[in-house]
Amino acid sequence: MSLSSANLTSNHSSIENLSLLIIEQLEQKEQLFQAINNLVHKLHHTQMLLEENKPKEALLNIEQLVHYGETITRQF
């Protein structure tokens with residue numbers, strides 16, 4: 001293999017690695033977006049429970065939200 005062929009192979013491999021890294025980052029970003037969207041939905045539901053004067057149910061939701069938030073933090 002000539003030096004220029006080795007450089008082309010190296011460049012191709014680097015581009016593939018960079019592409020895989022970009023795809024992985026985009027997938028993680030999508031997962032994080034979905035997790036935050038779900039968190040916002042649960043917060044909205046908790047707000048509705050409070051407005052309906054259901055503090056016990058709201059407190060349970062808040063406990064779940066804290067746990068879910070901690071899980072998101074550890075994951076990302």
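Sequence positions, counted from 1, serve as the residue numbers for this chain. All values below were derived from every heavy atom in this structure, side-chain atoms included, with hydrogens, water molecules and symmetry-related copies excluded. Please read these numbers as outputs of a predicted model, since none were measured by experiment.
Using a 4.5 Å cut-off on side-chain heavy atoms (C-beta onward), Leu60 and Lys56 make no contact. Counting only heavy atoms from C-beta outward, the side chains of Leu59 and Pro55 never approach each other to under 4.5 Å.
Interatomic distance, Leu65 CG to His45 NE2, rounded to the nearest 0.5 Å: 9.5 Å. Here the NE2-OG1 distance, from His41 to Thr46, works out to 9.5 Å after rounding to the nearest 0.5 Å. One distance of note links NZ of Lys29 with CD of Gln34; it measures 13.0 Å at 0.5 Å rounding. In this structure, NE2 in His44 is found 13.5 Å from CG in Leu39, a value given to the nearest 0.5 Å. Considering CD of Gln75 and CD of Gln28, their distance stands at 8.5 Å, rounded to 0.5 Å. Ile62 CD1 to His67 NE2: the interatomic distance, rounded to the nearest 0.5 Å, is 16.0 Å.
For Gln31 and Glu27, the side-chain atoms include no donor-acceptor pair closer than 3.5 Å.
Scanning both residues, Asn38 and Tyr68, for their nearest heavy atoms gives ND2-OH, 3.2 Å. Between Leu49 and Ala58, the shortest heavy-atom distance links the atoms CD1-N, 3.8 Å.
The hydrophobic clustering, which links ILVMFWY residues whose side-chain heavy atoms are closer than 4.5 Å, places Val40 and Val66 apart. Criterion: ILVMFWY side-chain heavy atoms under 4.5 Å apart, direct or through other members. Under it, Phe76 and Ile36 are part of a common hydrophobic cluster.
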